[in-house]
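Each remark here refers to the structure printed beneath this line.
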Amino acid sequence: MKESRWHLRAMFSCDQHPVESTISSLIENNVRLDRILYPKPETLKPPRTDVLTIAPWLAPIIWNGIFNSDILNAQFHKRGVRIGLTTFAIKKYVRFMKDFLETAEKFFMVGHKVNYYIFTDRAHEIPNITIGEGRHIHIINVTGYQRWQDVTMRRMQMIRDETYSRFINEVDYLVCVDVDMRFYGSVGVEILGDVFGTLHPGFFGASRQQFTYDRNPKSVACIPVDEGDFYYAGGYFGGKIEEVYKLTNFCHSAMMTDKAIGIEALWHDESYLNKYFLYYKPTKILSPEYVWNNYYGSPAAVQIKRFVGVDKNYDEVRFRR
């Protein structure tokens with residue numbers, strides 16, 4: 001074993017062979033190693049000290065300034081990843097599709113393969129926009145529920161079912177977001193991981209007691225007041241396709257368990273999502289830059305607002321004909 005290790009070290013020594021040719025011979029030219037230049041990371045000079053950048057379970061928290069997009073893009077391009085983006089344009093919410101798609105084309109996973117999966121009951125109203133090479137729009141026809149709460153509850157089921165029957169064959173990662181939003185800044189592969197959640201913009205500086213978890217002990221969604229890490233937004237989660245299936249299956253099953261005894265969680269799918277992430281920790285956490293609402297102003301910690309809610313009259317758009 002010791003001889004083998006020294007033999008490998010000798011093979012990689014610049015005195016024996018050029019590193020590039022040695023690696024190429026070892027991997028039979030299956031992988032191309034491109035040269036990339038960037039500033040050296042400084043161990044004693046972290047890029048951000050004003051915010052938490054890692055969770056206690058070692059999941060990174062993604063803030064502006066802590067990652068290098070060039071390095072990440074180079075790595076993900078080598079893997080040829082395919083990314084799915086799901087959203088729901090039900091009833092009057094279809095009006096947000098044009099801005100959503102046009103801004104996504106400018107800022108979402110630019111240069112990568114993307115499938116837009118649009119769940120809608122108004123396919124004929126989805127705008128026809130020009131999209132980039134390697135990017136595709138797929139319309140998935142669904143039932144238009146009368147209550148907006150039913151859509152938010154049922155979308156976990158619909159994402160789960162399509163993940164099992166379709167998405168698993170078409171994409172590697174799935175990003176699930178609300179439609180009444182616009183992209184204002186780059187959202188790239190820095191968000192991708194096994195499974196990720198996003199810090200809610202209204203609670204990223206709040207205490208456990210302030211979190212609006214469901215507190216009903218009869219509900220599967222219940223989280224006691226002495227538990228909880230963060231409060232995650234229901235409108236932005238994702239990860240590898242297998243992990244999204246697990247997450248959505250849990251949330252839907254928990255909803256159905258509650259529904260059978262006449263319970264509806266306080267914040268619907270968001271309540272079950274928070275319960276899931278309490279016991280199945282996300283491997284990556286996105287800062288509120290990724291799901292901002294201008295209602296919360298411009299705190300210093302949020303240096304860029306990448307994905308922002310559209311101003312609207314909720315009473316008017318929420319499923320009244």
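Heavy-atom basis, side chains included; hydrogens, waters and symmetry copies ignored. A quick note: this is a predicted structure, and the numbers were derived from the prediction, not measured.
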Original post:
Could you give all pairs that pass the ring-ring contact (aromatic ring centres under 6.0 Å, His included) test and reach residues 57-81, with sequence neighbours left out?
Top reply: His77-His112

**OP:** Would you give the length of the straight line joining atom OG1 of Thr120 to atom CD of Glu125, rounded to the nearest 0.5 angstrom?
**Re:** 7.5 Å

**OP:** Identify, with sequence neighbours excluded, every residue that meets side chain to side chain contact (heavy atoms under 4.5 Å, CB included) alongside Pro224.
**Re:** Asp226, Glu227

Original post:
Do Asn293 and Val308 touch side chain to side chain, with heavy atoms closer than 4.5 Å?
Top reply: no

Original post:
Do Tyr279 and Tyr276 share a hydrophobic cluster (ILVMFWY, side-chain heavy atoms under 4.5 Å, transitive)?
Top reply: yes

Original post:
For the residue pair Tyr173 and Gly193, what are the closest heavy atoms and their distance?
Top reply: CE2-O, 3.6 Å

Subject >> With Asp258 via salt bridge (Lys or Arg N to Asp or Glu O under 4.0 Å) - residues at least two apart >> reply: none

Original post:
Looking at residues at least two apart in the chain, or sitting in another chain, which of them share a ring-ring contact (aromatic ring centres under 6.0 Å, His included) with Phe107?
Top reply: none

Subject >> Pair listing, salt bridge (charged side-chain N to carboxylate O under 4.0 Å, His left out) test, anchored in residues 60-73, at least two apart >> reply: none

Original post:
Is the closest side-chain heavy-atom distance between Lys113 and Ile83 below 4.5 Å?
Top reply: no

Subject >> Listed partners of Lys259 passing side-chain hydrogen bond (donor to acceptor under 3.5 Å, both in side chains), at least two apart >> reply: none

**OP:** Quick one: do Phe96 and Phe100 satisfy ring-ring contact (aromatic ring centres under 6.0 Å, His included)? Show the steps, please.
**Re:** CA-CA 6 Å; Phe96 301 111; Phe100 180 92; 9.9 Å; no

Original post:
Distance-only, no hydrogens or angles: does the Asp121 side chain make a donor-acceptor pair with backbone N or O of Lys91 under 3.5 Å?
Top reply: yes

Original post:
Tell me the salt bridge (charged side-chain N to carboxylate O under 4.0 Å, His left out) pairs involving residues 184-206, sequence neighbours left out?
Top reply: Asp194-Lys240

**OP:** Output the rest of the hydrophobic cluster of Ile71: all Ile, Leu, Val, Met, Phe, Trp and Tyr residues reachable through side-chain heavy-atom contacts under 4.5 Å, sorted by chain and number.
**Re:** Ile36, Tyr38

Subject >> Any donor-acceptor pair under 3.5 Å from Asn249 side chain to Tyr245 backbone >> reply: no

Original post:
If you look at every heavy atom in Phe196 and Gly239, which pair is closest and at what distance?
Top reply: CE2-N, 3.5 Å

Original post:
Rounded to the nearest 0.5 Å, what separation is found between the CZ atom of Arg122 and the CG atom of Asn141?
Top reply: 13.0 Å

Original post:
Hey, mind stepping through Phe108 and Phe183 against ring-ring contact (aromatic ring centres under 6.0 Å, His included) and telling me if it holds?
Top reply: CA-CA 8 Å; Phe108 182 78; Phe183 290 89; 5.7 Å; yes

Subject >> salt bridge (charged side-chain N to carboxylate O under 4.0 Å, His left out) partners of residues 206-224, not counting sequence neighbours, each pair once >> reply: none

Original post:
Looking at Val175 and Ile191, what are the two nearest heavy atoms and their distance?
Top reply: CG2-CD1, 4.0 Å

**OP:** Any chance you could lay out the salt bridge (charged side-chain N to carboxylate O under 4.0 Å, His left out) test for Glu102 and Lys98, step after step, and finish with the verdict?
**Re:** CA-CA 6 Å; Glu102 288 180 345; Lys98 186 173 187 296; 2.7 Å; yes

Original post:
What's the verdict on side-chain contact (heavy atoms from CB on, under 4.5 Å) for Met158 and Val142, showing C-alpha distance, side-chain angles and the deciding distance?
Top reply: CA-CA 9 Å; Met158 289 185 266; Val142 297; 3.5 Å; yes

Original post:
Between Val302 and Val51, is there a shared hydrophobic cluster once you connect ILVMFWY residues whose side-chain heavy atoms come closer than 4.5 Å?
Top reply: yes

Original post:
Do Tyr232 and Glu270 have side-chain atoms, one donor and one acceptor, less than 3.5 Å apart?
Top reply: no

Original post:
Taking Thr283 for the side chain and Val195 for the main chain, is one N or O donor matched with an acceptor at less than 3.5 Å?
Top reply: yes

Subject >> Residues clustered with Ile304, ILVMFWY side-chain links under 4.5 angstrom >> reply: none

Original post:
Just checking, any donor-acceptor pair under 3.5 angstrom between side chains of Tyr117 and Asn115?
Top reply: yes

Subject >> Other cluster members, Ile54 - Ile/Leu/Val/Met/Phe/Trp/Tyr, side-chain contacts below 4.5 Å >> reply: Leu58

Subject >> In one Ile/Leu/Val/Met/Phe/Trp/Tyr side-chain cluster, 4.5 Å: Tyr164, Ile241 >> reply: no

**OP:** Of all the heavy-atom pairs spanning Ser165 and Asn169, show the shortest one and how long it is.
**Re:** O-ND2, 3.9 Å

Original post:
Side-chain donor-acceptor pair under 3.5 Å between Tyr116 and Arg135, yes or no?
Top reply: yes

Original post:
Taking the side chain from Ser287 and the backbone from Ile62, do they hold a donor-acceptor pair closer than 3.5 Å?
Top reply: yes

Subject >> Cluster overlap Val110 with Val81, hydrophobic side-chain contacts below 4.5 Å >> reply: no

Original post:
What is the ring orientation for Tyr236 with Tyr290, classed by angle as parallel under 30°, tilted 30 to 60°, or perpendicular over 60°?
Top reply: perpendicular

**OP:** Test ring-ring contact (aromatic ring centres under 6.0 Å, His included) on Tyr93 and Phe88 and set out the steps.
**Re:** CA-CA 8 Å; Tyr93 276 76; Phe88 285 74; over 10 Å; no

Subject >> Distance-minimising heavy-atom pair for Ile285 and Ala55 >> reply: CD1-CB, 4.0 Å

Subject >> Sub-6.0 Å ring centroid separation between Tyr231 and Tyr213 >> reply: yes

**OP:** Give the C-alpha distance, both sets of side-chain angles, the deciding distance and a yes or no for salt bridge (charged side-chain N to carboxylate O under 4.0 Å, His left out) between Glu170 and Arg166.
**Re:** CA-CA 7 Å; Glu170 297 179 354; Arg166 177 178 182 175; 3.2 Å; yes

**OP:** State the CD1-OG1 distance between Ile61 and Thr53, to the nearest 0.5 angstrom.
**Re:** 7.0 Å

**OP:** To the nearest 0.5 Å, tell me how far Lys78 NZ sits from Asn73 CG.
**Re:** 11.0 Å

Original post:
Any side-chain donor-acceptor pair under 3.5 Å between Asn64 and Arg48?
Top reply: no

Original post:
Ile118 and His138: side-chain contact (heavy atoms from CB on, under 4.5 Å), yes or no, with the steps?
Top reply: CA-CA 6 Å; Ile118 302 170; His138 301 277; over 6 Å; no

Subject >> Donor-acceptor contact below 3.5 Å, side chain Arg306 vs main chain Val187 >> reply: no

Original post:
Parallel under 30°, tilted from 30 to 60°, perpendicular over 60°: which one fits the rings of Phe203 and Phe211?
Top reply: perpendicular

Original post:
When you check the side-chain N and O atoms of Lys305 and Ser298, is any donor under 3.5 Å from an acceptor?
Top reply: yes

Original post:
Which value, rounded to the nearest 0.5 Å, describes the distance between Cys176 atom SG and Leu85 atom CG?
Top reply: 8.0 Å

Original post:
When hydrophobic residues are tied together by side-chain contacts of less than 4.5 Å, even through go-betweens, does Met109 share a cluster with Ile137?
Top reply: yes

Subject >> Summary of salt bridge (charged side-chain N to carboxylate O under 4.0 Å, His left out) pairs that have at least one residue in residues 171-183, sequence neighbours excluded >> reply: Arg82-Asp172, Asp99-Arg182, Arg155-Asp178, Asp180-Lys312

**OP:** Write down the atom of Pro201, the atom of Pro288, and the distance for their closest heavy-atom approach.
**Re:** CA-CB, 3.8 Å

Original post:
Roughly how far, to the nearest 0.5 Å, is OH of Tyr280 from NZ of Lys275?
Top reply: 10.5 Å

